[in-house]
Amino acid sequence: MLSQERAPIYEALQEFEKKRVVPFDVPGHKRGRGNPELAALLGEQCVRMDVNSMKPLDNLCHPVSVIRDAEQLAAEAFGAAHAFLMVGGTTSAVQAMILSSASRGEKIILPRNVHRSVMGAMVLCGAVPVYVDPACDDRLGIPLGMRREDVARAIRENPDAKAVLVNNPTYYGICSDLRAIVKMAHENGMLCLADEAHGTHFYFGADMPVSAMAAGADMAAVSMHKSGGSLTQSSLLLAGPAMSEGHVRQIINLTQTTSGSYLLLSSLDISRRNLALRGRESFAKVVEMADYARSEINQIGGYYAFSEELVNGDSVFAFDKTKLSVNTLDIGLAGIEVYDLLRDEYDIQIEFGDLGNILAYLSIGDRPREIERLVGALAEVRRRFGKEPDAAGLMRQEYIEPQVDASPQEAFYAPKESLPLDKTPGHICSEFVMCYPPGIPILAPGERITRRIVDYIKYAKAKGCSMTGPEDPDIERLNVLSGLY
C-alpha cells in the first residue's frame, strides 16, 4: 500500500530526468532546445518535464504503473472507490460524469444554475434535462440550492430519470442537502452526481460542508486547480463503488486527449500529497482569513459579505465559508463594475463580478496582507465611485425560469437562422448565452427566448459582463431554430 507521502508521477519524472534520454519523440521542442523563447518563459526545468507518454511514465489512457498509483492515492485521499486524473479541466470531468450516466433521450434531474459544461455534455450525449428551479435570495439576487421537496417532486414525476445532479457548492458557496438528495436518488434507482468544481477543500478542511464522496454520491467532478492548488486545467473525477471503473475510463477516453500533459499530471500528484498531509491546517487558515475579511468588509458600509447566516436547513443547507462573496448593490454599483474598478484602479484581480455580487476566491496561497489590500480597496471604491442605490438604475440579478421546448442536442444540431437580438423573443434558442465567469447559462439550446431574457442580456452587456457562447461574438444576433415559434 502506497503512502500519501508519495507522489509517483513526480518521482518518475525525477528519475527520468536523471537518465538524460535522447528524445526522438514528441513534443517537438525537444526539452526546450527547439523553442528557446518558450524555455525562457517557462524555465528549463519546466520544459524538460514536458514529455510524452512512455513505459517508464505510464499512459493516461490506460494506466498500469505510476499514473495508476497516483490515481489510487487520490482515491484514498478523497474517500472514493476510484479516481481519474483529468487534464481537460473539470469541464472534461463533468462531461465524462454525464456521459457515464445517461444516453440519448434519457433524463437527468438537475438545477438550472449549472455550469455550461453540464449543458455541453447534454448536447454531446443527447440526454434531456429535467430542471429543478432553485430557490432565490431576493436581496442578493442569486440562485440558492435545490429544496428537498422540489427534488422529491422531480423524482416522483420522472421515475425513469437516470441521475440527479447537484452543485456542491455553487460558485457563491451555497450547498444543498446532499445526503438527503443522495438518499432520495438511490431509493429510486438513480445515480447522484456532484459538480464539485468549487469544493475540493470539503475533503480536507475541518467543519466544512459534506463532500460528495462522504455523502455517498456516485460521481463527483473536482477542480483541483481551483482551491486544491494544482495547475490550471488539471482536475479529478471521483467515483463511488457503484460505478464500473473500466466503463468510466472508456467514457473519459472518448473526449480526453491521448497526449496527457505530465506538467498537469505531476501537479495533480503533488497537490494531492500536499492536501493529504497539510490540507486541514491550510484550509483552517483560509477560513480564518475569509471570516476576517467578511467582518471588515461589512464594517465599511453598503457592502454585504454574506456567510452562514443564510443557512435555512433546506435551500441553503450549508455554506462554504472559504467563499468571500460580497453583494454590492447598496453602494450603487453592479458587481461587475466593482470587479472592473478593482482591476483597473487597484491592480486587484478577483474571480468574478455579476450584476449584484463579486467573488474573491480565497485558497491556500493567500496571505493576510493581500486581504488587507482588498478590504482597503473596497473601502476606496465605495468612497470614490459609490452612488445612491436609487439613482444608480441597477437591475437586480435574478433567476429567470427557463421554458424548455427541445432537448439541448436536438436544438444545437437543428436547422437554424440568425436573427437580430431584439427580434428573437418567441423563438427557440439553438446556442448558449452566458456571463463567464461564472459560466451559468442565461440561455441554453432548446430554451424559448423571452423579452425579459433579451433585456437581461442587453443590461449585462451594458454593465460590462463578459458574455460568451453565441456564434456572434458581439451578441447582436442569436441563432434560433428555423420555423419554430
Side-chain angles (χ1 to χ4, degrees), residues 2-14 16 46 49-100 117 193-197 199-201 203-204 211-213 218-240 243-277 279:
L2 291 171
S3 165
Q4 288 293 332
E5 295 182 353
R6 295 284 307 278
I9 299 172
Y10 171 63
E11 293 163 8
L13 283 170
Q14 288 183 310
F16 176 76
C46 181
M49 294 272 184
D50 183 32
V51 295
N52 192 28
S53 295
M54 58 190 78
K55 278 192 176 181
L57 298 179
D58 209 353
N59 188 298
L60 184 59
C61 294
H62 187 77
V64 295
S65 59
V66 294
I67 294 178
R68 178 78 174 168
D69 290 344
E71 290 186 334
Q72 290 176 340
L73 282 168
E76 179 185 292
F78 283 82
H82 314 289
F84 305 89
L85 305 186
M86 308 295 293
V87 295
T90 307
T91 289
S92 65
V94 167
Q95 289 174 346
M97 186 167 66
I98 299 289
L99 269 63
S100 297
S117 59
L193 317 176
D195 181 346
E196 282 190 315
T200 306
H201 47 289
Y203 291 87
F204 302 98
S211 69
M213 290 296 106
D218 297 288
M219 301 187 80
V222 179
S223 278
M224 277 288 280
H225 70 95
K226 291 186 170 72
S227 60
S230 65
L231 289 178
T232 295
Q233 202 174 307
S234 59
S235 184
L236 291 175
L237 178 60
L238 306 177
M243 304 304 298
S244 164
E245 180 186 10
H247 175 66
V248 174
R249 180 88 64 192
Q250 285 183 322
I251 296 294
I252 289 170
N253 287 339
L254 292 176
T255 57
Q256 180 156 261
T257 178
T258 57
S259 303
S261 165
Y262 279 86
L263 300 176
L264 299 181
L265 293 172
S266 59
S267 83
L268 284 169
D269 201 18
I270 294 167
S271 297
R272 181 269 315 150
R273 180 175 66 179
N274 180 51
L275 294 182
L277 299 180

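The chain is numbered in sequence order, starting from 1. What you see below is based on every heavy atom in this structure, not just the backbone, and it leaves out hydrogens, waters and symmetry mates. Just so we're clear, the structure is a prediction, and the values are computed from it rather than from any experiment.
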How far does [atom1] of [X] sit from [atom2] of [Y], to the nearest 0.5 angstrom?
X: S211; Y: H201; atom1: OG; atom2: NE2; value: 11.0 Å
X: L268; Y: S235; atom1: CG; atom2: OG; value: 7.5 Å
X: K226; Y: S223; atom1: NZ; atom2: OG; value: 3.0 Å

So, using salt bridge (charged side-chain N to carboxylate O under 4.0 Å, His left out) as the criterion, who are the partners of D269 when residues are at least two apart?
R272
For [X], side-chain contact (heavy atoms from CB on, under 4.5 Å) partners two or more places apart:
X: S267; answer: S230, L231, S234
X: L254; answer: I251
X: S3; answer: E5, R6

Hey, is the main chain of [Y] close enough, under 3.5 Å, to the side chain of [X] for a donor-acceptor pair?
X: D218; Y: L193; value: no
X: D69; Y: P8; value: no
X: S244; Y: H247; value: yes
X: E196; Y: A212; value: yes
X: Q256; Y: I252; value: no
X: S92; Y: G89; value: yes

Could you give all pairs that pass the salt bridge (Lys or Arg N to Asp or Glu O under 4.0 Å) test and reach residues 245-264, with sequence neighbours left out?
R68-E245, E71-R249, E245-R249
Correct closest heavy-atom pair for V66 and P56 would be CG2-O, 4.2 Å
Residues M219 and S100: closest non-hydrogen pair is SD-CB, 4.1 Å
Contact between [X] and [Y] at the side-chain level, heavy atoms closer than 4.5 Å - yes or no?
X: N59; Y: I67; value: no
X: D50; Y: Y262; value: no
X: F204; Y: L277; value: no
X: T200; Y: L275; value: yes
X: S271; Y: M224; value: yes
X: F16; Y: M49; value: no
X: L13; Y: L57; value: yes
X: L263; Y: C46; value: yes

For residues 72-88, tabulate all N or O donor-acceptor pairs below 3.5 Å that involve a side-chain atom, not counting sequence neighbours.
from	atom 1	to	atom 2	distance (Å)
E76	OE2	Q4	NE2	3.1

Audit row: D58, V64, side-chain contact (heavy atoms from CB on, under 4.5 Å) steps and yes/no:
CA-CA 7 Å; D58 209 353; V64 295; 3.7 Å; yes
